[in-house]
Amino acid sequence: MKFASSYEPNQYEADIYAAWESAGVFEPSAPTIPVDNNADGEDDRFEKDAKYYSIVMPPPNANGNLHIGHGLTIALEDSLTRFNRLKGKSTWYIPGADHAGFETWVVYERALEAQGHTRFEFDRDELYARVWDFVAMQRGNMELQLRALGASCSWKDLTFTLDENVIDRVYTTFEKMWNDGLIYRGEKLVNFCPKHQTAFADIEVEHKDEPGTLWEIQYGPLVVSTTRPETLFGDTAVAVNPDDARYKDLIGKTVKLPLTDREIPIITDEHADPAYGTGAVKITPAHDFDDFEVGERHNLERIQVISEDGRMINVPEKYEGLTTTECRKQVLKDLKAQGILKGEKSITHSVAHCYKCGTVLEPMLKEQWFVDVEKLAKTAIEHLENGEIKFHPVNKQKVLINYLKNLKDWNISRQIPWGIAIPMFRKADPEATDEPNWIFDRRTNLKEIEKSGVKYIRDEDTFDTWFSSSHWPIVCTDWSEENPTPYYPLNVMETGADILFAWVARMIMMGLYVTGEVPFKEVYLHGLVLDEHGKKMSKSKGNVINPMDLVAKYGSDAFRLGILRGRSAGMNQAFSENSVISGRNLCNKLWNISRLIQSIVDEDESEASRESGVSLSYTTLNQGEDWICRELNDCLEQIEQDMREYRFAEAVETLYQTIWDKYAGWFLESQKIYRNVPLLKKTLETVLIALHPFAPFVTEAIWQNLSWTTGFIIAEKWPSRLKFDPISAEQFENIRNIVSEVRGTLQALPGTNNTNKYGLLYDNDSLVEDNILLIKTLTKVPEINPLNGAPRGLRIALANHELYLDVPEKVVTEYKDALTEKILSVGRELNALNARMLNPNYVEKAPEHLVKETQDAIKEKESLISRLKAQLSLI
RNA sequence: GGGGAUUUAGCUCAGCUGGCUAGAGCGUACGAUUCACAUUCGUAAGGUCAUAGGUUCAAGCCCUAUAAUCCCCACCA
């Protein structure tokens, strides 16, 4: 016996995945670069869509483990992949691994510190090599976990974000941008983490509202407000609003900066808000973002008074070397002593923090490489407004455009060794020649190079990871100008809604810049997976769910089905183990369905000793068979539509209902009487293939265990529609109604245990007569006979069938109240329908078919009521 | 300050272009049972669709306002 009585995922999953992988079924069937380059131009977009399907994996951190969000990502992407593969497209799901620059660096630096070392003991190249080894040791974990989730990705094409072709492509783009004047070196204020010693892009900064103090300090004739008194040594002006009458006479004069001998000018700037504090604000261009801009407008000097390690510099000796907090105390003390600290009050303001360590970020004046984003963003906006990319959920398109419209220049320099080196070299001796100060060169393995006799020194910074990952669709598909691939643009980009700005926006800008085309045709964004109470998962709350635990406990398919349930694009939604359990149950149900069918097939073959067990031709022989063909066709149609619209939860829901209720509950129950073996085989195949995208392992395990199937289900074709007789199929609905109504009436009868007790009587009803055995089995009534004579027993509440439960008079009498209630309730429905028909506007304006439906419903209710009333009058 | 959402059964969510008596799963209650599956089968209860107006023959869905909850961006001397 190949089918055990329940499905045990652990016995099958690893072997099945290994078998798929070694059979090469994950790789695209058509070449990734068109062989025929001088084609006749017939390879248009339409044909591309019909033939090729490409999707890339947002690369998980090579150094980490998968979390629940990755689980969702894989469930979504792999369902799309498998569905499109079954649909016959050459499907390429490209896996990746992320060097995760800053994340990994933080982990590594911590390990280094634990060993009693610091980063300053090594140069960049040494550190890079050490982290490389560190990551290489961990990398296998993540890939094993992707396999456990069933990701049917083309492993030989796995792209690591530090692969040579990635670096090459990034350098090519950077060179192009440099030549196009889109890259500039600027001294700007950047958010700097004193702990990690690196700058961040705006998007990496976490703002938190915190209590703070606003101090008022006397600056000569006026009083300024500040939350950071220690920066006063860097002040180079005091600003007031040009419309502020209070300070009109002071404009253009100077004041003496407290605790120093320096005179600073009083200037006017819109930045000063007359309503805030005293209306006068000290300007520290080197340590505040707003002040920096004021400084630019007024050409003010930038005096750096805080060093990169968070200590005071360029200040009077007394304060030199203090930390910012120590310095603040001292400054306040000294101001107070001089009597020029005029006030202090508590406020709430937002403070920038390092998203990794929580340290308060210091705005720091630094020379960094910037991307001038204006043109890139403008082009992206044009293509977005053109509707070239379809978003799920749709509103994210607007959100993204809005973001791009306000985008500021992008700082791409990071002061960490773990990343792609920036390919720029600085002239060793700036005075030496007329050569430019900075040159582009790919030889970043060298610390210094020589070009036309001039020595250049390597910039020690690395790229922001988003700069390289913005090339992801390009590098994964191996696109190049000489060899454009039919897999670019991608059919879809699936990723988390939280990185819409950081990643999706940048991929679009970069894709357009490098290839001239948008990098993908559709974007599907998933939301956060919250815990069962709708709270965000976090280590500190202890509510983190590890997807691998669930896979081990319930199986990969159960996890995938469970996480897709009740989920829609872009929404943060709760997740609980219950949905995984019900996924596990579905797998087991399907397993047992297959077990039953296999046993019928075995029996049939030994009895009839047919020429061959394989038979693709089938004929429907009764209403139930026609009906299941119709329902399966509808199910296929529904899934196709849902997958086109990225409605995964609905597709899964449809499959649950079709498999559990329709296929097992009605069709298989009816097959216990009729047994159409070719049809059983055909319909089971259909069900298995339809579920395969969502539950790949159990469907393959069954496929391998069935006696008549061959090959892998993963490589099958999506089922074509089944043939059936629609009239016969519709008749089965009548049978279902009869069965349901009989069951319901039996339950409602007084007393318990009413099944198997009373027979059923029918009058002049060929549908019932032809299906006596079936109705008997499904309702569990002991016998079904013709009425033969005057009606007796209890009438079943159906308009079109004359059916009685053969119960004694006493039971009928006891049922009287229930019957009366039934008549009343049908009466209420009838009244509502009649009211609708009495409204002339309805009859006149509503579509004809609706009016007709209402009329038919009225007739049916009327007939039902009169029959029930007749019954009541007999009691 | 700007933007984006959410609000439907005890819980988690569907409900598409307005159109049958607003659905599903879980949970709850009651019942069943050798013979594919207790990871099972059957039946039922449970909803003022956040609130108030409006449009329409018809509103959970469209419009206006309000409330609550959440997220993002910017600013906060």
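So you know, we letter chains A, B, ... as the sequences are listed, proteins then strands, and number each from 1.
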task: State the dot-bracket string of RNA chain B. Criteria: Watson-Crick or G-U wobble, both atom distances under 3.5 angstrom; notation: ( ) intrastrand, [ ] crossing earlier pairs, | interstrand, . unpaired.
output: (((((((..((((.....[...)))).((((((....).))))).....(((((..]....))))))))))))....
- prompt: What about Tyr12(A) and Trp591(A), are their ring centers closer than 6.0 Å?
  reply: yes
task: Pick base, sugar-phosphate or nothing for Ala574(A), based on heavy-atom distances below 4.0 Å to the nucleic acid.
output: sugar-phosphate
- request: Assess the side chains of Glu577(A) and Tyr554(A): does a donor N or O sit below 3.5 Å from an acceptor N or O?
  value: yes
- prompt: rA36(B) P sits how many Å from Ile593(A) CD1, rounded?
  reply: 13 Å
rC37(B) phosphate, OP1 or OP2, under 4.0 Å from Asn588(A) side-chain N/O: no
query: Under 3.5 Å, is there an N or O donor on one side and an acceptor on the other linking the side chain of Glu669(A) and the base of rA36(B)?
result: yes
message: Check for me whether Arg506(A) meets the cation-pi criterion with Trp410(A), that is, NZ or CZ under 6.0 Å from the six-membered ring centre and within 45 degrees of the ring axis.
response: yes
task: Please work out if Pro847(A) contacts a base, only the sugar-phosphate, or nothing of the nucleic acid, heavy-atom cut-off 4.0 Å.
output: base
- prompt: When all nucleic acid strands are considered with a 4.0 Å heavy-atom cut-off, which category describes Arg743(A): base, sugar-phosphate, or nothing?
  reply: sugar-phosphate
Side-chain N,O (Lys398(A)) to OP1/OP2 (rG4(B)) below 4.0 Å: yes
- prompt: Is Lys396(A) atom NZ crowded by more than 12 heavy atoms from other residues, nucleotides or ligands, each under 6.0 Å away?
  reply: yes
query: For Leu830(A) and Ile858(A), which heavy atoms make the closest approach, and how far apart are they?
result: CD1-O, 3.8 Å
field: Sugar-phosphate only, base, or nothing, as touched by Gln657(A) at under 4.0 Å among non-hydrogen atoms
entry: nothing
field: Touch class at under 4.0 angstrom, heavy-atom based, for Gln598(A) against every strand present
entry: nothing
field: Aromatic ring pairing Tyr355(A)/Phe200(A), orientation class (parallel under 30°, perpendicular over 60°, tilted between)
entry: perpendicular
query: Base, sugar-phosphate alone, or nothing: which one does Lys672(A) contact when heavy atoms must sit under 4.0 Å apart?
result: base
task: Answer with base, sugar-phosphate or nothing: what part of the nucleic acid does Glu829(A) contact at a heavy-atom distance below 4.0 Å?
output: base
message: Taking only side-chain N and O atoms of Trp660(A), does any of them lie within less than 4.0 angstrom of OP1 or OP2 on rC41(B)?
response: yes
query: Taking the six-membered ring for Trp, is the centroid-to-centroid distance between Tyr656(A) and Phe694(A) below 6.0 Å?
result: no
